[in-house]
Amino acid sequence: MLSRIRGKKRVWMVLFASVCWTLWLVRNDWVFKDILVSSPLQVVYRSLSFVLRWKMFLKEEEQRVLDDWLEAILEKLRQVKPNVLPADI
């Protein structure tokens, strides 16, 4: 699976941008609203929500690659915290 993603620069950009944007928003919440995340998993889930929103900007094949990657990530998250992740994501 990793070899299919390796050449997909736009997929990596969406993933990277979602993490950066999430970290920026979490930082702003902490600095300006005094809200600190209670778990690092909140940052992960928030990043994934941005990825899902921004997926529509990718080409069809890139979306399939991203879907495969997200499924692998969600499976790992289910192993870490099976009772936290909604089953329908």
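Throughout, numbering of the chain's residues begins at 1 and tracks the sequence.
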- side chain to side chain contact (heavy atoms under 4.5 Å, CB included) involving I73 - partner list, sequence neighbours excluded: L48, W69, L77

- For residues 11-23, pull every pair meeting salt bridge (charged side-chain N to carboxylate O under 4.0 Å, His left out), keeping only residues two or more places apart or in separate chains.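 For residues 11-23, and leaving out neighbouring residues, there are no salt bridge (charged side-chain N to carboxylate O under 4.0 Å, His left out) pairs at all.
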
- Query: Are the aromatic ring centres of W12 and F16 under 6.0 angstrom apart?
  - Reply: no

- Taking a hydrophobic cluster as the set of Ile, Leu, Val, Met, Phe, Trp and Tyr residues connected by side-chain heavy atoms closer than 4.5 Å, whether directly or through intermediates, do F57 and L70 fall within one such cluster?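 Cluster IDs for F57 and L70 match.
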
- Say whether L52 and L66 are linked into one hydrophobic cluster, either directly or through other cluster members, by side-chain heavy-atom distances under 4.5 angstrom. yes

- Query: Is F50 close to L25 at the side-chain level, that is, under 4.5 Å between some pair of heavy atoms?
  - Reply: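 When only atoms from C-beta onward are counted, F50 and L25 do touch, with a gap below 4.5 Å.
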
- Who pairs with K55 by salt bridge (charged side-chain N to carboxylate O under 4.0 Å, His left out), at least two apart in sequence or on another chain?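 Result, salt bridge (charged side-chain N to carboxylate O under 4.0 Å, His left out) vs K55: D67.
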
- Query: Where do E62 and R10 come nearest, in terms of heavy atoms and distance?
  - Reply: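 Of all heavy-atom pairs spanning E62 and R10, the closest is OE1-NE, 3.0 Å.
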
Linking directly or through intermediates, with side-chain heavy atoms under 4.5 Å: list the remaining ILVMFWY members grouped with [X], chain and number order.
X	result
V43	V19, L23, V26, V37
F32	V31
I35	none

- Query: How long is the span from the SG atom in C20 to the CG atom in L15, to the nearest 0.5 Å?
  - Reply: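 Between atom SG of C20 and atom CG of L15 there are 11.0 Å.
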
- Quick one: list whatever passes side-chain hydrogen bond (donor to acceptor under 3.5 Å, both in side chains) with S18, sequence neighbours left out.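 S18 satisfies side-chain hydrogen bond (donor to acceptor under 3.5 Å, both in side chains) with no other residue.
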
- How would you list all residue pairs meeting side-chain hydrogen bond (donor to acceptor under 3.5 Å, both in side chains) that involve residues 23-37, not counting sequence neighbours?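 Residue pairs with at least one partner in residues 23-37: D29-R46.
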
